[in-house]
Undergrad: 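Before we start, here is the structure in question, set down as structure tokens.
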Amino acid sequence: MIDIKIIRDNPGFIKDMLTKRGLNLPIDELLEWDKERRSLMVEVQNLRHRKNIVALEVANMKKEGKDPITLMQEMKIITDEIARLEDRIAELENKINYVMMRIPNIPHESVPPGTSEEDNVEVRRWGKIPEFDFEVKDHDEIAIGLGLLEIERASKASGARFYYLKNELVKLNIALIRFALDLLTKKGFEIYQTPYMLRRWVIEGVTSLQDFEDMIYKIEGEDLYLIATSEHSLAALHANEVLDGRRLPLRYAGVSPCFRKEAGAHGKDTKGIFRVHQFEKVEQFVFCKPEQSWEEHEFLLSNAEEIYQKLGLPYRVVNICLGELGVVAAKKYDIEVWMPAQRRYREIVSCSNCTDYQARRLNIRYREMPHEERTKYVHTLNSTAIATERTIAAILENYQQKDGSVIIPEVLRPYMDGMEVLKPKKV
RNA sequence: GCCGGGGUAGCCUAGCUGGUAAGGCGCAGGCCUGGAGAGCCUGUGGCCCUUUCGGGCCUCGUGGGUUCGAAUCCCACCCCCGGCGCCA
């Protein structure tokens, strides 16, 4: 949620932004509702003031043994009038909230214009695209060939977009998690294993209503939702808190499974483990002061890049254009890893600066010094460190050998009892 | 899931047979001092009106209800502590 004061002060700017994003929201009406709401608030406050005075008089008269019958009648009238005005205020607040929940964050000036994936701007490339002197296989073909992946049986048990990992692939998955956690620990991140279910108000605070529909699984009969990323649970960690500005930035690494409905992705990436309903992820999350957040954004990106460099996976960094930015982020980089079978770069990391958008809804503030009266909203940022299933897919494809084996990247070998290569089982 | 006890400002605590939410700690500023400490004074959340100066309203876990008036009484829910039950 953005600050409604920005809209009051500069409605033209907001309307212009909405137009550029192809959104149509009733800003003029919003401002009228806001104006009416505030004038009704003044009325209610005046009535309450009168009520407080009369209540005192009633108490005094009773103490003196007098009968305050006329004052009590006035009180009744005031109370009814307040209730009437408050009903109208609640009605206005519902309307205001409806619009405010749909107004996206204000983009950073460096966000490229555009409406589709083709308008994203490539920032840089890293690594050498591997050449193969044999026919390149898909990651799932490789994994199934190694006897380390069950897709068809998973679909029997759970449906499409599920999988069983087996043996060395399970260990590879855990190795990737350990590798990322160790790297981030060295950089001063605190590690969190978070709740995997959250209440509705938390999810509403961190994501867009559209994502809520397309992405989030609900637990039947409970006010609980499965997390789509530990970004959500980490953001909620400090909800309704006032943080000590001297201790910012707070840098956290979350590790959790991620559950995603993938509604609206029918027909996309139907093979393998690239786009699935459930995967593991190590996530970077930062709470910081506004003046720190752009530097932190680059820092999170550099950590993610370091991870993929150490894994030896070729990638490129793209600056996501306005139309693809989503509601919550003010700026977003993706890292896209090279997938040899598809002969193109595919998203593997998403690194966002959400500025104060999540902090406002979750009420996360800070004070420069403990004695300061004024509180300000923090900025929140999040970035993938490793999404393990996609990374496994990338490793399988980039490190595949002619005989169907797969070389294990060196940095992972210490986490895999020194294993150097995944070999097909001899029958 | 059942039975108790709780939730009051950054923290701790009183009020809980209805009538302006009391006090302490911490923190900051001031007075005092050669300096420090002690002591004393002031301040310490959110929102709204106001260019400023100011002023008002709200806030006792959350939401309803009763009442002229609710931290206080009633109902529902959330969370914490203890006991019982269940359980990896």
Side-chain angles (χ1 to χ4, degrees), chain A residues 1-10 30-97 100 193-205 218-225 233 236-248 250 256-257 287 289 356 359-378:
Chain A
M1 183 132 57
I2 66 167
D3 188 350
I4 196 166
K5 284 178 193 153
I6 295 170
I7 308 170
R8 282 182 205 147
D9 294 345
N10 209 338
L30 175 73
L31 289 171
E32 278 166 32
W33 299 330
D34 177 52
K35 203 173 168 185
E36 187 186 346
R37 175 179 145 270
R38 281 189 293 161
S39 96
L40 290 176
M41 277 174 72
V42 172
E43 233 176 293
V44 166
Q45 284 180 13
N46 289 339
L47 285 171
R48 276 200 223 278
H49 183 48
R50 176 67 191 155
K51 192 174 160 180
N52 288 340
I53 291 167
V54 176
L56 268 182
E57 285 178 38
V58 170
N60 285 334
M61 285 180 78
K62 284 209 170 177
K63 224 179 281 173
E64 291 164 15
K66 294 178 194 160
D67 184 4
I69 180 70
T70 50
L71 288 178
M72 280 162 73
Q73 280 165 351
E74 185 188 347
M75 285 287 271
K76 186 82 186 157
I77 292 166
I78 294 174
T79 304
D80 290 349
E81 179 65 3
I82 288 173
R84 194 182 66 81
L85 292 174
E86 281 188 333
D87 283 351
R88 175 64 183 157
I89 289 173
E91 198 182 313
L92 289 165
E93 280 177 347
N94 281 339
K95 289 175 164 181
I96 291 166
N97 201 32
M100 290 301 292
Q193 193 164 344
T194 75
Y196 303 155
M197 300 178 209
L198 297 169
R199 295 195 166 141
R200 185 176 180 99
W201 69 270
V202 174
I203 310 255
E204 278 183 351
K218 180 171 177 29
I219 305 295
E220 179 78 34
E222 310 259 355
D223 179 29
L224 285 172
Y225 298 79
S233 30
L237 191 62
H238 292 305
N240 299 317
E241 290 184 25
V242 179
L243 304 173
D244 183 345
R246 295 170 301 183
R247 298 189 55 190
L248 299 177
L250 297 173
S256 81
F287 299 88
K289 300 184 200 179
D356 61 357
R360 184 164 277 121
R361 283 197 202 163
L362 294 181
N363 191 29
I364 309 169
R365 292 165 297 160
Y366 76 99
R367 243 189 279 271
E368 285 295 343
M369 299 294 277
H371 54 87
E372 280 226 346
E373 292 181 38
R374 183 175 298 256
T375 59
K376 292 179 256 185
Y377 288 109
V378 299

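It should be emphasised that the depicted structure is a prediction, and the values quoted were computed from it without experimental measurement. Throughout, a chain's letter reflects where its sequence line sits, starting with A, and its residues are numbered from 1. For the numbers below, each heavy atom of this structure counts, side chains included, while hydrogens, waters and symmetry mates do not.
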Undergrad: Restricting to side-chain hydrogen bond (donor to acceptor under 3.5 Å, both in side chains), what partner residues turn up for A:Gln193, sequence neighbours left out?
TA: A:Tyr196

Undergrad: In this structure, how many angstroms lie between the C1' atom of B:G64 and the CD atom of A:Glu86, rounded?
TA: 13 Å

Undergrad: Figure out the CH2/P separation between A:Trp201 and B:G63, and round it to whole Å.
TA: 14 Å

Undergrad: For A:Gln73 and for A:Arg8, locate the closest nucleotide of RNA chain B by heavy-atom distance; then report the residue assigned to the nucleotide nearer the 5' terminus.
TA: A:Arg8

Undergrad: Say you pick atom P in B:C2 and the same atom in B:A9; how far apart are they, in whole Å?
TA: 29 Å

Undergrad: Return the nucleotide paired to B:C53: Watson-Crick means purine N1 to pyrimidine N3 with N6-O4 or O6-N4, wobble means G-U with N1-O2 and O6-N3, both under 3.5 Å.
TA: none

Undergrad: Does B:G69 have OP1 or OP2 sitting under 4.0 Å from an N or O in the side chain of A:Thr79?
TA: yes

Undergrad: Going through the distances and angles, do A:Glu81 and A:Lys51 end up as a salt bridge (charged side-chain N to carboxylate O under 4.0 Å, His left out)?
TA: CA-CA 11 Å; A:Glu81 179 65 3; A:Lys51 192 174 160 180; over 6 Å; no

Undergrad: Which whole-number value in Å describes the distance from A:Tyr366 OH to B:G46 P?
TA: 14 Å

Undergrad: The side chain of A:Arg199 is closest to which nucleotide in this list: B:C68, B:C79, B:C48?
TA: B:C79

Undergrad: If we take the P atom in both B:G54 and B:G43, what is their distance in whole Å?
TA: 13 Å

Undergrad: So A:Val42, base contact, sugar-phosphate only, or nothing? Heavy-atom distance under 4.0 Å.
TA: sugar-phosphate

Undergrad: For a 4.5 angstrom cut-off between non-hydrogen side-chain atoms, does A:Ile2 reach A:Met100?
TA: yes

Undergrad: Verify side-chain contact (heavy atoms from CB on, under 4.5 Å) between A:Leu47 and A:Leu85, making sure each step is shown before the conclusion.
TA: CA-CA 10 Å; A:Leu47 285 171; A:Leu85 292 174; 3.8 Å; yes

Undergrad: Which nucleotides of nucleotides 50-58 of chain B have their base under 4.0 Å from a protein heavy atom (B), which only their sugar-phosphate (S), and which neither (-), written as one string 5' to 3'?
TA: ------BSS

Undergrad: Could you check whether A:Glu204 pairs with A:Arg361 (Lys NZ or Arg NE/NH1/NH2 to Asp/Glu carboxylate O, under 4.0 Å)?
TA: no

Undergrad: Please state how far atom CD in A:Glu241 lies from atom P in B:G45, giving the value in whole angstrom units.
TA: 18 Å

Undergrad: Starting from C1' on B:G26, measure out to CZ on A:Arg246 and report it in whole angstrom.
TA: 12 Å

Undergrad: Of all heavy-atom pairs between A:Tyr366 and A:Tyr377, which one has the smallest distance, and what is that distance?
TA: CE2-O, 3.7 Å

Undergrad: Could you give the distance separating B:U33 and B:G39 at their C1' atoms, to the nearest angstrom?
TA: 12 Å

Undergrad: Pick base, sugar-phosphate or nothing for A:Arg365, based on heavy-atom distances below 4.0 Å to the nucleic acid.
TA: sugar-phosphate

Undergrad: Roughly how many Å apart are B:G69 and B:U13, using the C1' atom of each and rounding to a whole number?
TA: 27 Å

Undergrad: Both distances under 3.5 Å, Watson-Crick or G-U wobble: report the partner of B:C84, or none.
TA: B:G1

Undergrad: B:C32 and B:C41: how far apart are their P atoms, nearest whole angstrom?
TA: 16 Å

Undergrad: Nearest whole angstrom, please: distance from the C1' of B:C11 to the CZ of A:Arg367.
TA: 13 Å

Undergrad: Taking the C1' atom of each, how far is B:A22 from B:C12, in whole Å?
TA: 14 Å

Undergrad: Between B:G7 and B:C77, how far apart are the two C1' atoms, rounded to whole Å?
TA: 14 Å

Undergrad: Between the side chains of A:Arg84 and A:Asp80, is the shortest nitrogen-to-carboxylate-oxygen separation below 4.0 Å, so that they form an ion pair?
TA: no

Undergrad: Rounded to whole angstrom, note down the C1' distance from B:C49 over to B:U62.
TA: 29 Å

Undergrad: Please determine whether side-chain contact (heavy atoms from CB on, under 4.5 Å) holds for the pair A:His238 and A:Leu250, giving the CA-CA distance in whole Å, both sets of side-chain angles, and the decisive distance to 0.1 Å.
TA: CA-CA 11 Å; A:His238 292 305; A:Leu250 297 173; 3.6 Å; yes

Undergrad: Mind calculating the distance between CD (A:Glu43) and P (B:C48) to the nearest angstrom?
TA: 17 Å

Undergrad: Determine which nucleotide pairs with B:C77, using a 3.5 Å limit on both distances of a Watson-Crick or G-U wobble pair.
TA: B:G61

Undergrad: Expressed as a whole number of angstroms, how long is the span from A:Ile77:CD1 to B:C68:P?
TA: 12 Å

Undergrad: Could you tell me which nucleotide pairs with B:G18 by Watson-Crick or G-U wobble geometry, both distances under 3.5 Å, or answer none if nothing does?
TA: none

Undergrad: Counting C-beta onward and ignoring hydrogens, is there a side-chain heavy-atom pair between A:Glu57 and A:Glu74 closer than 4.5 Å?
TA: no

